[in-house]
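Single-structure report; data block below.
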Amino acid sequence: MEKYFNINYEFDKTEVLRSIDRQLEKDKAGYICVADGVILTTANRNADYLDIINGGMFAVCDSSYVPLYLKWLYGKRYGQYCGSQIFMDIIGMRKYRMIFMGTSPGTLAGLKKNLSQTDPRIADMTFYDLPYRDVNDFDYEELARIIERDKADIIWVALGAPKQEIFMSKLKPHLHRGVLIAVGAAFKFFSGTDTRRAPQWMIDCHLEFVHRIYTEPKKQLRRCFGILSALPSILYQEWRRKRNKPSSPTS
C-alpha cells in the first residue's frame, strides 16, 4: 500500500485479493474504496471524506489517469483496477458468499440473472435494493442484522460516490465480519438492463469518460467539471510533496 494524492492506494491486484482473504480469516469487518476521479477530488476537498477513504483497508485505483500522473511525477508504472474489474474478478473466483446492496429492483433482477450464469450459486444469494434516502437516515443496525443472518463474506454496495463510501463507513461498526466493497456503476454495467460500460478501445485510450458523458450527460459533465477544477491544485501539491521528500541515502 502506498500513499499518493493523500489516498492510501493498493495497486497490486494479487495483494488486494489476499487482503480480502486475510480480513475474512480474522473475522473482522472492513471496507475497500474504489477510488475514481470523483473520489480523488472530493477527498482532497473534504477532510472528513478523506478520513473515510483512508479509514478502510485501502483504496484501489479506479482512475485510468492516476497511473499517468504517477508516471509523469515519479516515473513509476502502476495499473488501474477499476470497480467493474474487481467485481467480476471476485465473482469469477466462485468462492465467497455475497450480498448485493443498492440500485433498483429491476437492475438487481437483471444482475442476478446475468451473474448466475458465471456462478450458479448466486441465484440463491441476497439482492437488496436500498431505499432512496439520505445516507444518515439508513437503519444501519437492521442492515447489519440482514447481512449477518445472510453470513455474507463480501458485501457489494452500489450507491454512487461519495454516498456509498460514507454508507460503508457507517455500516462497518455494526458488522462483526465481512468486507464491504463499493463498486458504483458496476451493477448497471452487468445487469443487462441499464448503462453499459464503454467499448474496450475507449477504455484503452483513456476515453471512458467520453462514453459516460454520452450516456449520462448532466451527471457526468458536472462530475468532469468538479474534477478539472480541482486537479491542478492536487497535482501541484503532489509535486511539492515529491520535491520536499528526503532523498534516500546512497550506499
Side-chain angles (χ1 to χ4, degrees), residues 10 12-21 23-25 30-36 60-62 64 79-132 143 146-161 163-164 167-168 171 175 177-204 207-209 211-212 214-216 219-220:
E10 179 54 73
D12 187 324
K13 297 179 183 180
T14 301
E15 183 58 26
V16 169
L17 300 176
R18 286 176 179 165
S19 296
I20 291 172
D21 283 338
Q23 190 73 17
L24 294 172
E25 288 168 4
Y31 62 88
I32 295 172
C33 297
V34 179
D36 62 2
V60 297
C61 181
D62 189 26
S64 66
Q80 177 189 20
Y81 198 11
C82 67
S84 300
Q85 187 178 354
I86 189 174
F87 183 65
M88 289 309 297
D89 283 351
I90 291 175
I91 297 293
M93 293 169 73
R94 303 173 66 170
K95 64 183 284 189
Y96 301 110
R97 175 77 186 172
M98 297 172 288
I99 186 168
F100 303 79
M101 309 187 83
T103 68
S104 66
T107 298
L108 290 176
L111 185 68
K112 184 175 186 177
K113 178 182 177 182
N114 288 343
L115 295 183
S116 296
Q117 296 175 17
T118 300
D119 182 356
R121 299 177 313 132
I122 290 176
D124 294 322
M125 294 183 189
T126 300
F127 288 71
Y128 190 89
D129 58 298
L130 294 166
Y132 183 77
L143 290 173
I146 291 169
I147 292 167
E148 299 206 329
R149 282 198 299 266
D150 189 270
K151 298 182 179 179
D153 301 306
I154 307 291
I155 303 100
W156 297 108
V157 179
L159 289 172
K163 185 176 182 178
Q164 61 193 8
F167 176 91
M168 292 194 301
L171 179 55
L175 294 172
R177 71 179 300 274
V179 176
L180 298 126
I181 310 176
V183 287
F187 284 19
K188 295 181 178 181
F189 293 156
F190 297 109
S191 69
T193 62
D194 214 315
T195 307
R196 295 184 181 275
R197 197 178 179 200
Q200 190 60 47
W201 70 267
M202 295 187 80
I203 296 170
D204 293 341
L207 293 173
E208 187 170 10
F209 74 94
H211 177 80
R212 299 291 292 275
Y214 176 76
T215 55
E216 300 177 294
K219 175 182 177 181
Q220 297 302 329

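Nothing fancy with the numbering, it's 1 onward along the sequence.
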Do Ile91 and Trp156 come within less than 4.5 Å of each other through their side chains, counting heavy atoms only?
yes
Measuring from Lys113:NZ to Ile122:CD1, what's the distance to the nearest 0.5 Å?
15.0 Å
Going by side chain to side chain contact (heavy atoms under 4.5 Å, CB included), name the residues that satisfy it together with Pro105, two or more places apart in sequence or in a different chain.
Asp129
State which residues pass ring pair (Phe, Tyr, Trp, His ring centres under 6.0 Å) with Phe127; sequence neighbours excluded, sorted by chain then number.
Phe100
So, is the end of the Lys163 side chain (NZ or CZ) under 6.0 Å from the ring centre of Tyr132 and within 45° of the ring's axis?
yes
As an exercise, state the distance from CG of Leu115 to CZ of Arg121, rounded to the nearest 0.5 Å.
12.0 Å
Could you tell me whether the side chain of Tyr81 reaches within less than 4.5 Å of the side chain of Ile86, counting heavy atoms only?
yes
Distance, nearest 0.5 Å, that separates CG of Leu24 from OH of Tyr96
6.5 Å
Hey, are the side chains of Ser116 and Met125 touching, using non-hydrogen atoms and a 4.5 Å cut-off?
no
Could you pull out all residues at least two apart from Glu148 that satisfy side chain to side chain contact (heavy atoms under 4.5 Å, CB included)?
Leu175, His176
Let me confirm one number: the CD-CD1 distance from Gln23 to Ile32, rounded to the nearest 0.5 Å.
8.5 Å
Mind listing the closest non-hydrogen atom pair of Val34 and Cys82 along with its distance?
CG1-C, 4.3 Å
Hey, could you give me the OG1/CE distance between Thr118 and Met88, rounded to the nearest 0.5 Å?
4.5 Å
Roughly how far, to the nearest 0.5 Å, is the OH atom of Tyr31 from the CD atom of Gln164?
12.5 Å
Please determine which of Lys95, Arg97, Arg177 meets the side chain to side chain donor-acceptor pair (under 3.5 Å) test together with Asp153.
Arg177
Would you name the heavy atoms of Met168 and Cys33 that are closest together and state the gap between them?
CE-SG, 4.2 Å
Report yes if some heavy atom in the side chain of Ile181 is under 4.5 Å from a heavy atom in the side chain of Ile90; otherwise report no.
yes
From CA spacing to verdict: side-chain contact (heavy atoms from CB on, under 4.5 Å), Ile146, Ile99
CA-CA 10 Å; Ile146 291 169; Ile99 186 168; 4.2 Å; yes
Going by atom types alone, do Glu15 and Ser19 pair a side-chain donor with an acceptor below 3.5 Å?
yes
Could you give me the CA-CA distance, side-chain angles and deciding distance for Tyr128 and Leu143, then say whether side-chain contact (heavy atoms from CB on, under 4.5 Å) is met?
CA-CA 10 Å; Tyr128 190 89; Leu143 290 173; 3.7 Å; yes
Write down the atom of Phe189, the atom of Ser84, and the distance for their closest heavy-atom approach.
CD1-OG, 3.2 Å
